Amino acid sequence: ILKENIQNIGGAIDTVKKLRPVSFDWKEDRESAVGFIAQEVEEVMPYLVEGTEGRKGIKSTGILAQVTKALQESIEKIEVLEKKVKKLQEV
């Protein structure tokens, strides 16, 4: 393994809730796109933004990891709630 200090991501739902997915047009070529505004992502997760003030980019694999963890956390909450609902229905 080429990685060290590996730690699980926690609190991803709260982090993902702070992100603002947007649609936009690039100024250079008027191409339409969807994604995030790097400066806004930088406020939430500065380690995922690279580049200079004039041109910043987002490390999309980092966003994907956060969204995946948020989905896993959400699934866990749903499963707990489903069990509670099932118990209430049995009464």
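On a predicted model such as this, the values are computed, not experimentally measured, just so you know.
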Tightest non-hydrogen contact, residues Ala70 and Ala12, listed as N-CB, 3.5 Å
List the atom pairs, donor and acceptor, that lie under 3.5 Å between side-chain atoms in residues 75-91 and the rest of the protein, sequence neighbours left out.
none

At their closest point, which heavy atom of Gly57 faces which heavy atom of Ala38, and how far apart are they? N-CB, 4.4 Å
With a cut-off of 6.0 Å (strictly less than), are more than 12 heavy atoms of other residues, nucleotides or ligands near CD1 of Ile6? yes
Do Phe24 and Ser32 have side chains that approach each other closer than 4.5 Å (heavy atoms only, starting at C-beta)? no
List in chain and number order the residues that pass salt bridge (charged side-chain N to carboxylate O under 4.0 Å, His left out) with Glu43, two or more places apart in sequence or in another chain; answer none if no residue qualifies. none
Report the distance from atom CG of Leu64 to atom CG of Leu71, rounding to the nearest 0.5 Å. 10.5 Å
Enter the distance from Leu19:CG to Ile63:CD1 here, rounded to the nearest 0.5 Å. 5.0 Å
Separation between NZ of Lys18 and CD of Glu40, rounded to the nearest 0.5 Å: 14.0 Å
Which heavy-atom pair separates Ala33 from Trp26 by the least distance, and what is that distance? CB-NE1, 3.7 Å
Can you tell me how far apart CD (Glu42) and NZ (Lys56) are? Round to the nearest 0.5 Å. 3.0 Å
Same cluster (ILVMFWY, side-chain, under 4.5 Å), Tyr47 and Val44: yes
Quick check on Asp29: does its CG atom have over 12 non-hydrogen neighbours (other residues, nucleotides or ligands) under 6.0 Å away? yes
Glu73: side chain to side chain donor-acceptor pair (under 3.5 Å) partners, not counting sequence neighbours: none
Examine Val67 and Leu48 and state if one hydrophobic cluster contains both, with Ile, Leu, Val, Met, Phe, Trp and Tyr joined whenever side-chain heavy atoms are less than 4.5 Å apart. yes
